[in-house]
Chemist: 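Dropping the structure in here first, questions after.
Just the heavy atoms: all of them, side chains too, but no hydrogens, waters or symmetry mates, feed the values below. These numbers were taken from a predicted model, which means no experiment stands behind them.
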Amino acid sequence: MTNQKLKSLLLVTFSIWWGWTILTDFFVVPSVFRIVPDFFVAGELGITLFKKLNLLELIVAILVVSLSAISPRSKILLVITSLLMTIAITYFFYLTPKMQTLTEWWKEAEGLGITSIHGIDDIQLEHQKYHRFYVWIDAVKLLLLTSGLSFLIF
């Protein structure tokens, strides 16, 4: 594969990943929580969406790391893609399943009229803590994707 084809493939892949992240984070998920009146139904829809998106991110992350590893351009790109893959792995194997479990426990606690469940003092606060972590990591991911795009363009 020529260097120009490699660069073009990386640019397209980064652009698609960046685009679907913006679309999901700023348009789809906020719309779901605005339109769906039941918080837990909206949450289940969000988790289902993110589980599917996380699988796509994992596949794309493996692709961009592989392409970056064979690219003679720079080690910076390999570092960026490796960090993106770490984020994708964290989402897929840890954070999204954790959010799903916490949401289920929160729904269970809500039904029982309690806040403490499964050894967690306040399930809503615990859920919010992980949600903030998810949002923070997503901001880092967007920064890395934007940096990768900038590096490829300039």
Side-chain angles (χ1 to χ4, degrees), residues 1-34 36 39-40 42-107 118-154:
M1 182 178 295
T2 67
N3 197 26
Q4 188 58 37
K5 285 183 182 178
L6 185 61
K7 179 183 173 186
S8 296
L9 185 56
L10 278 166
L11 188 58
V12 166
T13 308
F14 265 82
S15 298
I16 290 169
W17 193 351
W18 186 88
W20 86 47
T21 300
I22 294 292
L23 179 66
T24 303
D25 289 355
F26 296 105
F27 298 98
V28 175
V29 172
S31 296
V32 166
F33 279 92
R34 227 181 4 262
V36 177
F39 173 80
F40 291 109
E44 287 174 27
L45 181 57
I47 288 169
T48 301
L49 173 69
F50 279 111
K51 283 169 66 174
K52 293 180 184 310
L53 190 63
N54 295 158
L55 178 58
L56 284 174
E57 286 185 316
L58 193 56
I59 293 166
V60 169
I62 291 167
L63 174 66
V64 295
V65 166
S66 300
L67 292 173
S68 298
I70 62 171
S71 173
R73 288 189 49 87
S74 175
K75 300 290 183 208
I76 293 171
L77 194 59
L78 185 57
V79 169
I80 290 170
T81 58
S82 296
L83 290 170
L84 286 166
M85 188 158 96
T86 301
I87 289 170
I89 289 168
T90 301
Y91 283 159
F92 188 77
F93 290 106
Y94 176 70
L95 205 48
T96 300
K98 182 72 171 180
M99 290 294 295
Q100 182 174 12
T101 299
L102 290 172
T103 301
E104 289 167 3
W105 289 353
W106 185 3
K107 186 176 180 179
H118 298 284
I120 299 171
D121 290 336
D122 189 326
I123 189 64
Q124 186 176 357
L125 286 177
E126 189 74 4
H127 183 277
Q128 288 173 354
K129 177 178 82 174
Y130 279 90
H131 182 264
R132 281 191 302 273
F133 183 53
Y134 206 110
V135 169
W136 183 83
I137 289 179
D138 231 38
V140 171
K141 179 181 76 179
L142 271 173
L143 181 64
L144 289 168
L145 286 167
T146 303
S147 298
L149 278 170
S150 299
F151 180 78
L152 289 164
I153 292 168
F154 304 109

Chemist: Which residue pairs pass the salt bridge (Lys or Arg N to Asp or Glu O under 4.0 Å) test with at least one member in residues 126-137, sequence neighbours excluded?
Modeler: Glu126-Lys129
Chemist: Which heavy-atom pair separates Leu142 from Phe26 by the least distance, and what is that distance?
Modeler: CD1-CE1, 3.9 Å
Chemist: Has Thr81 got a side-chain atom pairing as donor or acceptor with Leu78's backbone, closer than 3.5 angstrom?
Modeler: yes
Chemist: Using 30° and 60° as the class boundaries, would you call the ring planes of Trp17 and Trp20 parallel, tilted or perpendicular?
Modeler: tilted
Chemist: Please answer whether the main-chain N or O of Leu11 pairs with a side-chain N or O of Ser15 as donor and acceptor at a distance below 3.5 Å.
Modeler: yes
Chemist: For Ile76, does the CD1 atom have more than 12 heavy-atom neighbours from other residues, nucleotides or ligands under 6.0 Å away?
Modeler: no
Chemist: Which residue pairs pass the salt bridge (Lys or Arg N to Asp or Glu O under 4.0 Å) test when at least one of the two sits in residues 56-65, sequence neighbours left out?
Modeler: Glu57-Lys141
Chemist: So do Val60 and Ile16 actually touch side chain to side chain, heavy atoms under 4.5 Å?
Modeler: no
Chemist: At their closest point, which heavy atom of Ile47 faces which heavy atom of Met99, and how far apart are they?
Modeler: CD1-O, 3.9 Å
Chemist: Report yes if some heavy atom in the side chain of Asn54 is under 4.5 Å from a heavy atom in the side chain of Phe93; otherwise report no.
Modeler: no
Chemist: Side-chain contact test, heavy atoms from C-beta onward, threshold under 4.5 Å: evaluate it for Leu95 versus Phe50 and give yes or no.
Modeler: no
Chemist: Do you know the tightest heavy-atom contact between Ile22 and Phe27?
Modeler: O-CD1, 3.7 Å
Chemist: Listing request: all side chain to side chain donor-acceptor pair (under 3.5 Å) pairs with a residue in residues 142-154, at least two apart in sequence or in separate chains.
Modeler: Trp18-Thr146
Chemist: Taking ring-ring contact (aromatic ring centres under 6.0 Å, His included) as the test, write out the residues that go with His118, two or more places apart.
Modeler: Trp105
Chemist: Can you tell me how far the OG atom of Ser68 sits from the CG atom of Leu152, to the nearest 0.5 Å?
Modeler: 7.5 Å
Chemist: Got a donor-acceptor contact below 3.5 angstrom from the Tyr91 side chain to the Asp138 backbone?
Modeler: yes
Chemist: Does anything in residues 79-100 form a salt bridge (Lys or Arg N to Asp or Glu O under 4.0 Å)? List the pairs, not counting sequence neighbours.
Modeler: none
Chemist: Could you measure the distance from the CG atom of Leu6 to the CD1 atom of Ile70? Nearest 0.5 Å is fine.
Modeler: 5.0 Å
Chemist: Can you tell me how far apart CD1 (Ile87) and CD1 (Ile137) are? Round to the nearest 0.5 Å.
Modeler: 6.5 Å
Chemist: Mind checking whether Ile153 and Phe14 have side chains closer than 4.5 Å, heavy atoms only?
Modeler: no
Chemist: Residues two or more places apart in sequence or in another chain: which of them pass side-chain hydrogen bond (donor to acceptor under 3.5 Å, both in side chains) with Ser31?
Modeler: Arg34
Chemist: Less than 4.5 Å apart, any side-chain heavy atom of Ile120 and any of Leu102?
Modeler: yes
Chemist: Rounded to the nearest 0.5 Å, what separates atom OG1 in Thr13 from atom CG in Leu63?
Modeler: 5.0 Å
Chemist: Measure the spacing between CG of Leu144 and CZ of Phe151 and express it to the nearest 0.5 Å.
Modeler: 13.5 Å
Chemist: Would you give the length of the straight line joining atom OG1 of Thr101 to atom CH2 of Trp106, rounded to the nearest 0.5 angstrom?
Modeler: 14.5 Å
